[in-house]
Amino acid sequence: MTRFLIRRAAGFVLTLLAVSVVVFAVMSMLPGDPALSILGIEASPEALAAMRSQLGLDAPAPARYAAWALGALKGDFGTSYAFRVPVGGLIAERLPLTLSLALGAMAVTLVLAPGLGMAAAARHGGPGDWAVMVLSQIGIAVPAFWMSILLILLFAVRLGWLPSGGFPGWDQPLAALRALVLPVIALALVQSAVLARVTRSAALEVMRLDFVRTARATGLPRRRILWRHVLPNALIPIVTIIGMQFAAIVTGTVVIESVFSLPGLGRLLLQSIANRDLITVQALVLLFAAIVVTANFLVDLAYVAIDPRLTGRQS
Amino acid sequence: MIRVEGLSAALPQGQALRDVSLSVARGERLGLVGESGSGKSMLGLALMGMVPDAAQLSGRIALDGQDMTGATEAAWQPLRARKVAMIFQEPMTALDPLVRIGETVMEPLILHLKMRRRDARARALDLLAETGLTEPEAKMRQYPHQLSGGQRQRVLIALALACDPGVLIADEPTTALDAQIALRITDLLVRLSRDRGMALIFISHDLAAVARATERLAVMYGGDLVETGATAEVLANPRHPYTQGLIAARPRPDPAMIRKRLPVIPGTVPTLGDLPRGCRFAGRCAAELPRCAGTRPAPWPTASGQAACHLLEPAP
Ligand SMILES: Nc1ncnc2c1ncn2[C@@H]1O[C@H](COP(=O)(O)OP(=O)(O)O)[C@@H](O)[C@H]1O
Ligand SMILES: [Mg+2]
């Protein structure tokens, strides 16, 4: 048990390390001279050289990587070429918004999908099952940005219940929450559709197994069999998909923040790419990757909590 | 305890049970034999109200005086485990892999008998000990994958006994186990049935096990009950050609016999759709008469029961 956890934790750290190397390498290989983009094309070669050494760009790649990675560990991602402020600060300002979007969408998905999927599986072949299948098929087929536009047209433009975009800032909590409702729903609907289907098929798979027949022969009520025996056994595929979905949601915020003009990390990423602000892009890509790797690590931990067979856990 | 009259189970492909009438008295041990596909499991499931959705039942089923003909799932559910319980062939997959053994056995005690957890735990321990599980206390905390097949079958028996049912249906409980464990499980079922005055329906295709475990025997073929009677009597003096074939085809421990070719019943069990309209055994029967394939034989009395065969018809 503890050995399994240590192995997984070591894997987690190594993956993060590998990700940081890859991100750094890819960013270093991109064409373009940061000094040039900061000083402009009229700058003299001497000024450019001075700027490069000021940015630490004249050091060999391994040394530059080490400096960057050590800084990142302390939350110091360098200074943005475009905004001339610390990248860490830029990220810290925007992280709460993006995290609220992602966690909110994940929470809505977790509230909606498993119940729908289990209800569909329990009514396999019946009208309830059909309804869930048709709705989820629609949810999967409609792209998130399109869903966003539909939501804006209906709830903002037509009904006027919620703002169509923009963010008032956290100092107005109610208005801030209202601004998040539509983007969270737009992100969550697609993922709920996917997860409801996965839950349904995983549950149907489990319902054919022998121990479900044993539970029935023991006179257990249907609902108890579903929630106490079928759902836990269906959790392994469900949790796997949830991990992948969290990654999809985090990357999905990039599009959603643009559609709803929300000042989050996704928007910062697009701006930095447009500005050729490589050092900020590099930090953001690392951060997104770290979030995804962390989600996968949590999924690994969840497996252990769910299934005693995985670790040979004794009593 | 159990009374079945004219029970049929129609599947889209054909009849899995045809006009089966059978009764099991309180505390009686009945063996149910027949080749694979004869409808033994279907009959067992019918007595639990658990036939597949595709099967249309007709005929009467009464359990402990209660008429269960056409009963709904909701009507069956309270009887399962409390009046009639069932264990199945494959113990390896019959337990929820995520639930500890103790919790599994405690579940019906808490749910059906409204026991408090502490009492349920003590009772579960007693039940596991009663089935001869070694170190039951430690096993309570273990998961199914930590137990062997024989141990799991004991756990499933304890689970089936939890609410003290009047009848236990054991559907080939030893087929998946090796010979020595199989023998012990068979003897365990007999002992439990005696100790508790519990009726036992022992489904098997192992005639030796049935001879050892049961008092009365019912032979099934193609969804028909072809012969019934006292176990010893039927095995010593089978009247139906199918029963005679089964007994002749049984594997013998005698090494001299193994080297010779074992006599087997010629042909294979037809699929449901291809069963003859009359006697189901027509087409494979060595003593077949012209009318056998078209006319269903009536059950005729034998020394200790009945056999449904045209050969037994009294001369006019
Ligand atoms: N769920 C099902 N769907 C279709 N046919 C079935 C089903 N269950 C059993 N049968 C058929 O019913 C017949 C009797 O099967 P069964 O009762 O399992 O036989 P036994 O237990 O004697 O081996 C077989 O022909 C089998 O193919
Ligand atoms: Mg069977």
Side-chain angles (χ1 to χ4, degrees), chain A residues 1 4 114 118 120-129 199 202-240 299 301-315, chain B residues 41 44-45 47-50 52-53 73-74 76-105 107-113 137-146 152 155-156 159-163 165 168-169 171:
Chain A
M1 173 81 177
F4 177 88
M118 289 301 287
R123 292 162 184 73
H124 187 201
D129 188 18
T199 304
L204 286 177
E205 197 81 11
V206 172
M207 281 159 72
R208 292 182 313 156
L209 299 179
D210 280 357
F211 65 80
V212 174
R213 184 182 58 184
T214 304
R216 227 179 131 207
T218 311
L220 305 187
R222 230 180 126 64
R223 297 177 127 261
R224 179 159 178 105
I225 296 176
L226 276 178
W227 295 101
R228 175 85 176 95
H229 297 283
V230 174
L231 182 61
N233 278 279
L235 275 183
I236 293 281
I238 292 174
V239 165
T240 307
V299 166
L301 294 188
Y303 289 158
V304 184
I306 294 166
D307 196 334
R309 286 165 299 186
L310 285 180
T311 50
R313 182 162 79 196
Q314 302 283 320
S315 49
Chain B
S41 297
L45 290 172
L47 300 177
M48 293 286 290
M50 282 174 55
D53 289 339
E73 174 74 14
W76 273 107
Q77 190 217 303
L79 299 196
R80 296 183 191 139
R82 276 163 279 192
K83 286 233 156 86
V84 52
M86 187 160 180
I87 57 173
F88 302 93
Q89 176 173 339
E90 189 40 80
M92 296 311 276
T93 51
L95 287 165
D96 185 335
L98 307 186
V99 181
R100 291 174 203 268
I101 301 304
E103 294 291 332
T104 296
V105 181
E107 195 173 15
L109 298 171
I110 294 170
L111 225 59
H112 299 332
L113 305 184
E137 204 137 357
K139 301 252 167 40
M140 292 266 287
R141 275 174 275 121
Q142 294 189 332
Y143 289 93
H145 73 274
Q146 297 170 286
R152 290 188 215 190
V155 171
L156 285 157
L159 176 65
L161 296 181
C163 300
L168 175 63
I169 304 167
D171 189 356

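Note on naming: letters A, B, ... go to the chains in the order of the sequence lines (proteins, then strands), and numbering restarts at 1 for each one.
- Annotation: side chain of A:His229 is not in contact with side chain of B:Leu98 (no heavy-atom distance under 4.5 Å).
- Listed options B:Glu107, B:Arg82, B:Glu90 were ranked by heavy-atom pairs under 4.5 angstrom with chain A; first place goes to B:Glu107.
- With a threshold of 4.5 angstrom between heavy atoms, B:Met48 approaches chain A through side-chain atoms but not through N, CA, C or O.
- Using a 4.5 Å cut-off between heavy atoms, B:Leu156 touches chain A through its side chain atoms alone.
- Using a 4.0 Å cut-off between a side-chain N of Lys or Arg and a carboxylate O of Asp or Glu, B:Glu73 and A:Arg216 qualify as a salt bridge.
- Between A:Pro232 and B:Val99 there is no side-chain heavy-atom pair separated by less than 4.5 Å.
- Taking both residues in full, the closest heavy atoms of A:Pro308 and B:Pro97 are given as CG-O, 3.6 Å, listed atom of the first, atom of the second, then distance.
- Judged by distance alone, with hydrogens and angles left aside, the side-chain atoms of A:Thr214 form a donor-acceptor pair with the main-chain N or O of B:Ala94 at under 3.5 Å.
- Atom CE of B:Met86 is separated from atom CZ of A:Arg213 by 7.0 Å, given to the nearest 0.5 angstrom.
- Using a 4.5 Å cut-off between heavy atoms, A:Leu220 touches chain B through backbone and side chain atoms alike.
- Contacts of A:Arg224 with chain B are made by side-chain atoms alone, with heavy-atom separations under 4.5 Å and no backbone atom involved.
- Summarising the geometry, atom OG1 belonging to A:Thr218 is positioned 10.5 Å from atom CG belonging to B:Leu109; distances are rounded to the nearest 0.5 Å.
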